[in-house]
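Notes to accompany the following structure.
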Amino acid sequence: MGADTNMFSRLQNIVFDALSDVAAERGVKVFVIGGFVRDLLLKRPSKDIDIVVLGDGIGVAREAARRLGNARVSVFKTYGTAMFKYKGMEIEFVGARKESYSPGSRNPSVEPGTLEDDQRRRDFTINALALSLDRDDRERLVDPFNGLQDLHDGLIRTPLDPVVTFSDDPLRMMRAVRFATRLGFRIDAVTFEGIKSNRERLKIVSMERVMDEFNKIMLAPCPSIGIKLLDQAGLLELFFPELTALKGVEYVDGVGHKDNFYHTLAVLDGVSKHSDDLWLRWAALLHDIAKPLTKKFVDGQGWTFHGHNHVGERVGGRVFQRLKLPLNEKTKYVQKLVFLHMRPIVLSEEEVTDSAVRRLLFDAGDDIDDLMLLAEADITSKNEAKVKRFLTNFQIVRQKLKEVEEKDAIRNFQPPVSGEEIMETFQLPPCKQVGEIKNAIKEAILDGIIANNPDEARAYMFTVAAKIGLAPSPD
Ligand code: ATP
């Protein structure tokens, strides 16, 4: 099978021509390898180019960079690699190498090797394809492990015995799932067995690297595929026991609850259809995380999960910490959505009053659209009539949200009367009463007693002050 590779872009051709020239002059062989070749054959865009040199990779990098307008070369001597950027592309060079691993470490000992040695150390056959940049046989595909066939068949397979590949570098187990999820490929049965039997070795990989891969899975068009694979392989429970704890259905007196693991995955996919935002996807993944902790069977009510949103907000924070995810405004955003996730549904079940909508807008602020997306995706019932009723009610909530926001501008609520103004008007030092008045004004706006404007707010301020026995200062 030949490769249809006559499709380098103009810029890529400039780079490859320069490399062919340098290779010819130095009498060395140079190949494009890895993800770039895979994506080229799949007709997927890719920015980064990996080059393997049978010889001095750093020297070839320096000379090629010189010819391409003197790009600055970063050299990593310890690894024998070099990199430069050219018009938005990152071009990485490595001398062909052979790696051998010792158990307990992810850092192999490395020695120069042949092209095939270099291809052997790659994770999957589809990532081990190489294209020659030799002037004489430019674009010849070097494919000792049938990677091209696997690309056609949509198969993730290791070039060597999977037990060796995964034991050498257990991060590859996460990468297998990532590629399967992103490309919509199957993991070959023997390869999958290799993952299962090596799963415990994931423990030697740092959480940051595991999360790098996990987040790439989360960003795939249908992330549930990857999470189910991680679960089936026995990897998920190793680093995310809170999520696997959602699995299963319990029955009391013949009454069961839904399986919250599969429900969560359906919500995650639902949100992912409408948004590429990683953190909104995380909010979907964590929205019911505290259900196992709050689950109770109550006679006459069936299964209840009281306060699971509130507990979930805390558990979510702890999960972020343990998984070494960023602890910043993104964590707060995820926690906020977990906490609020039921509000639009509860609202839509009742008569949708303006004041309830105003309170929702106030609490969600700028995250209201994301919250609505999450709440809508949360409706995964199989009962079509129920789903229809909810979705219709949601339309009403959305419409009301729009109307109320246009009228009252609650989304980015700023107190219409400041604390300073209250202090000046009643000659007060900073004290509890100032807060009380401010809060009373806010509540009156949210309840629709007054409109959100300074005139009505000021008038109301005097009413509240009079009630607590305050008089304005004479001037
Ligand atoms: P993407 O750029 O979409 O993340 P990629 O395959 O290009 O995908 P990189 O992580 O940049 O991913 O890796 C480039 C190449 O290096 C891979 O195609 C593969 O050949 C090799 N590679 C990367 N990581 C590993 C690993 N852990 N084990 C073996 N080979 C690897």
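In listed order, ligands and their atoms are each counted from 1.
The residue K47 has no part lying near ligand 1, judged by heavy-atom distances below 4.0 Å. Of the heavy atoms in F166, none comes closer than 4.0 Å to ligand 1. Within the 4.0 Å heavy-atom criterion, both parts of N127, backbone and side chain, lie near ligand 1.
Atoms of ligand 1 found under 4.0 Å from any heavy atom of R182, numbered from 1 in the order shown, are 3 (O). Short contacts between ligand 1 and R178, defined as distances under 4.0 Å to a heavy atom of the residue, involve ligand atoms 1 (P), 3 (O), 4 (O), 8 (O). Residue contact check: R121 has heavy atoms under 4.0 Å from atoms 29 (C), 30 (N) of ligand 1. Atoms of ligand 1 found under 4.0 Å from any heavy atom of D123 (numbered from 1 in listed order, with element): 19 (C), 25 (C), 28 (N), 29 (C), 30 (N), 31 (C). Residue contact check: G34 has heavy atoms under 4.0 Å from atoms 18 (O), 20 (O) of ligand 1.
Under a 4.0 angstrom heavy-atom cut-off, L171 registers as lying outside contact with ligand 1. In this structure, F124 does not count as a contact residue of ligand 1, since none of its heavy atoms falls inside 4.0 Å of the ligand. By the 4.0 Å heavy-atom criterion, D50 is counted among the residues contacting ligand 1.
Two residues are said to be in side-chain contact when any heavy atoms from C-beta on lie closer than 4.5 Å; L183 and R44 meet this criterion. Taking 4.5 Å as the limit, every side-chain heavy atom of T181 sits out of range of all side-chain heavy atoms of K216. The shortest distance between side-chain heavy atoms of F124 and D188 does not fall below 4.5 Å.
Closest to atom 2 (O) of ligand 1 among all protein heavy atoms lies R38 NH2, 4.8 Å. Closest to atom 10 (O) of ligand 1 among all protein heavy atoms lies R175 NH1, 3.0 Å. For atom 28 (N) of ligand 1, the closest non-hydrogen atom of the protein is R172 NE, 2.7 Å. When only non-hydrogen protein atoms are considered, atom 27 (N) of ligand 1 lies nearest to D169 OD2, 2.9 Å. Of the protein's heavy atoms, R122 NH1, 3.3 Å lies nearest to atom 16 (O) of ligand 1. For atom 7 (O) of ligand 1, the closest non-hydrogen atom of the protein is G35 CA, 3.6 Å.
Counting only N and O atoms by type, the side chains of T264 and D288 include no donor and acceptor under 3.5 Å apart. Between E403 and Q399, the side chains place a donor N or O and an acceptor N or O closer than 3.5 Å (distance only, hydrogens not considered). For the 3.5 Å distance criterion, the side chains of D117 and T114 qualify, holding a donor opposite an acceptor. Donor-acceptor pairing under 3.5 Å is recorded for the side chains of H263 and D378.
Comment: E63 engages R67 in a salt bridge, judged by a side-chain N to carboxylate O separation of less than 4.0 angstrom. In this structure, E213 pairs ionically with R178, as a charged nitrogen and a carboxylate oxygen lie closer than 4.0 Å.
Here the options are R122, R38, Q119, R172, the test is side chain to side chain donor-acceptor pair (under 3.5 Å), and the partner is N127; only R38 passes.
Residues S167 and N198 share a closest heavy-atom pair of CB-OD1, 3.4 Å.
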